[in-house]
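All remarks here apply to the structure that follows.
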Amino acid sequence: MSFQKIALIGNPNVGKSSLFNQLTGLKQKIGNYPGTTVEKRVGKFVEENHNFTLYDFPGTYSLYPKSKDEEVVFDILSNPEHPDFPDKVLVIGTPNHLKRNLLLWNQVKDLEIPVLFVLNRMDELETEGISLDKSKLEEFIGNTVFYTNARTGEGISLLKKRLLKPIESQISSFEIPLNFKTPIAQIKQAFRVDNDYLAWQYLAQNEIPHLSKEEQNRINEIRTEFKIIPARLQVKETLQRNEVLENVIEEVATRKDESSPSFTERLDKVLMHPFWGYFIFFGILFLTFQAIYSWSEWPMNLIDSTFAGLRNSFKNTLGDGPLIDLITDGVIPGIGGVVIFVPQILILFFFLILMEESGYMSRVVFLMDKWLRPFGLNGKSVVPLMSGAACAIPAIMSARNIENTKDRLITILVTPFITCSARLPVYAILIALVIPKGKFLGFQIQGWVLMGLYLMGLLAALTFGLIFKRLIQSKYKSYLIMELPSYRFPVWKNVLLGMWEKTMAFVLGAGKIILAVSIILWALSAWGVSDEYKNANDTISELAQKENWTSAQQQNHLESYKLEHSLLGNLGKTVEPIFRPLGYDWKISLGVLSSFAAREVFVGTMASIYSIGGDAAEDEQLIVQKMAKEKRPDGHLVFNFATGISLMLFYAFAMQCMSTLAVVKRETGGWKWPMIQLFFMSSFAYLTALIAYQILR
Amino acid sequence: MKPSSKLSELKKGERAEIIGFSDQDLPVKFLEIGLIPGSQIEYKCSAPFNGPICVSLCTNKCVLALRKDEANSVLVNKLK
């Protein structure tokens, strides 16, 4: 038995992920590279008793990283001590972009790492009318070139067999330009590097991640002495390599002249049209959101009733007791609260990944870039902003491929304003409470209000983008250069795996925190220290006799009385003064407070406060009825129009999701930005809710 | 030699050869992705209101999108 690490490296859009899926089957898992947030996709396969661990590296055009994602490639390849340093590297290319692919291969080879060149998408030979001289290509590469088609699985088994045999690493053939010989010699001496090209990389990279500060300073000294600007070295190298490759390609590849426009060209005439392009994009968006709501209704109801049933059967079979209460009132509703969002998230990502896989998403980036620029965002912010409609957690993670740090940061900061699925149950209950039924312009008024809330979220995101654009300084100019890949039919396996990954990011990211907070909330509501709490049983049974309550009524009153005097109730009353100007009593304040776990916890909290036994959502009508009747001490209704609007505004804008803050902390590398986010979003929410309440009441 | 023009000044359907860049600090990604002196491109389309422009590389019909700003610093010779 032997163990080997294999890295897959390649340009974007070469079918690298499909190849990875073909090689590993479903034996793969997603983690993070140590010390980074970059997704690490690792798979395993066994070939003739040899174990292979396959790493799918982020797509990149060269060893010079442009975005957070790409940094990991050079980080690992330049550091043989790295735990993920590969034994062998596969550089993946396609016939149509051979020159560009060979540039990357050349760089990896010159690091003197054992490498094979794999030409994927061999179907392009026919569709693009290319013929390749394989022997000339192999002569240049100095090794066998593998032809594969990840869609059909062609060439995969041959490639696996080849991995069993050793691969010779080749000596770097990179020619150091004359006037850089001295600094390169100094680097080699200072860092005991004997590879010319690696030494060149030390000078040309903006940062060598595994070096210490002192070592980094040493490089900077050499750079200053010889007036070296890293970015110019990168350009020099690319031009130098390109000159060689130009000649190679001329020998290796010949193309039939095709004058008829390709399928992609014809489709782009419509999809990138200055009018129809937008029309179609917004049509697709509309369909996507329609699907999210209509398709998810049935599975969500099913999940809801399953968890309610589970809870009841636990109660019935296990009886009463603190530990059982913890399970039935803390853990089960907690898990249910996470799982309930899975259908909506799956459906949204189904559409997003479809757009990504087919090649359409980069057209959206093209169409939207100009419109998002004024708000400090760029075309690539479209994906996070759209994903934000399901859940901010995977959305914020998808901002990683935005190259410019400032654009990326602003995207991360404003994405939580987009109405996520956790806000919906809250909106649903509030709209039912305070917005009258009826029609306006042929549509339900309640529907208009819901749409208004969505628009307000988007508007807030853009407005704050505008503000941050002015506040945040950046030394790098934002730029956009991207490939618009040919349209391809999506590979279903990739789509399904992608949906699974995004959903797990939510379940694991938000799930842990939602579950933990549900348990804490339960604990706070189950304990009390006041005398009222301790004497609750007596007080209520006295009252019950006076008022002639049935035993069920008595039980409900007991629960709500206990909650009022529990630790949680005390907490609600303590914070009430803060929220009173917004029109909230202690019960609503408690709901708002508990929503910092996750927004939809509001519904559950309201249900327990208004002493409704059984499952919350099952009795949604009942909660609404009870909440509608609730009166203040002065006889006015608690949930009048002003309070309802104030609450909706608060939920639309406040940063009430701890899981999102945790993700932002991870993605921005510290507590600074999540804290700023918490502050500006919540104070903006407080302010708008305050103004609305004071005007409307 | 013909006077050079900017990539951003091309019209739809026009072809040109890239001869260089007026901005020395243009990110290397432009070169890596295929906008290299000597390569020939065709101007395809642009997004409305001075949005990004879209060119294709003549050799492999690879379609690239870049902003007007950056296209301003790409120098080209128009081809007939």
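Chain letters run A, B, ... following the sequence lines, proteins first and then strands; every chain starts at 1. Bear in mind that the values here come from a model prediction, so they are computed numbers and not experimental data.
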Checking [X] against chain A: side chain, backbone, both or neither under 4.5 Å from a heavy atom?
X: Glu32(B); value: both
X: Leu57(B); value: neither
X: Pro27(B); value: side chain
X: Asp69(B); value: neither

Task: Electrostatic pair Glu265(A)-Lys44(B), nearest N-O below 4.0 angstrom - done: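 The answer is yes: the pair qualifies as a salt bridge.
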
- [ ] Check His273(A), Met272(A), Lys269(A) against Cys45(B) for a side-chain contact (heavy atoms from CB on, under 4.5 Å) and give me the one that passes.
- [x]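 When side-chain contact (heavy atoms from CB on, under 4.5 Å) is applied between Cys45(B) and each of His273(A), Met272(A), Lys269(A), only Met272(A) qualifies.
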
- [ ] Would you indicate whether Lys68(B), at its atom NZ, is surrounded by more than 12 heavy atoms from other residues, nucleotides or ligands within a distance under 6.0 Å?
- [x]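 Result for NZ/Lys68(B): enclosed.
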
What heavy-atom pair brings [X] and [Y] nearest, and what distance separates the two atoms?
X: Phe366(A); Y: Ser46(B); value: CZ-C, 3.8 Å
X: Arg100(A); Y: Ile33(B); value: NH1-O, 3.3 Å
X: Lys29(B); Y: Lys66(A); value: CB-CE, 3.7 Å

TODO: Look up atom CG in Leu31(B) and atom CD in Glu237(A), then write down how far apart they are to the nearest 0.5 Å.
DONE: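 Reported value, rounded in 0.5 Å steps: 11.0 Å.
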
TODO: Any chance you could measure Leu64(B), atom CG, to Leu480(A), atom CG, to the nearest 0.5 Å?
DONE: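 The CG atom of Leu64(B) sits 10.5 Å away from the CG atom of Leu480(A).
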
- [ ] State, with a plain yes or no, whether a side-chain heavy atom of Ile249(A) is found less than 4.5 Å away from one of Thr59(B).
- [x]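 Result no, sub-4.5 Å side-chain heavy-atom pair not found.
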
Open item on the list: Counting heavy-atom pairs under 4.5 Å with chain B, which one of Ser478(A), Ala253(A), Gly277(A) comes out on top?
Closed with: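 Sorted descending by pairs with chain B, the first entry is Ser478(A).
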
- [ ] Give, as side chain, backbone, both or neither, the part of Tyr278(A) having an atom under 4.5 angstrom from any heavy atom of chain B.
- [x]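 For Tyr278(A), side-chain heavy atoms alone lie under 4.5 Å from chain B.
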
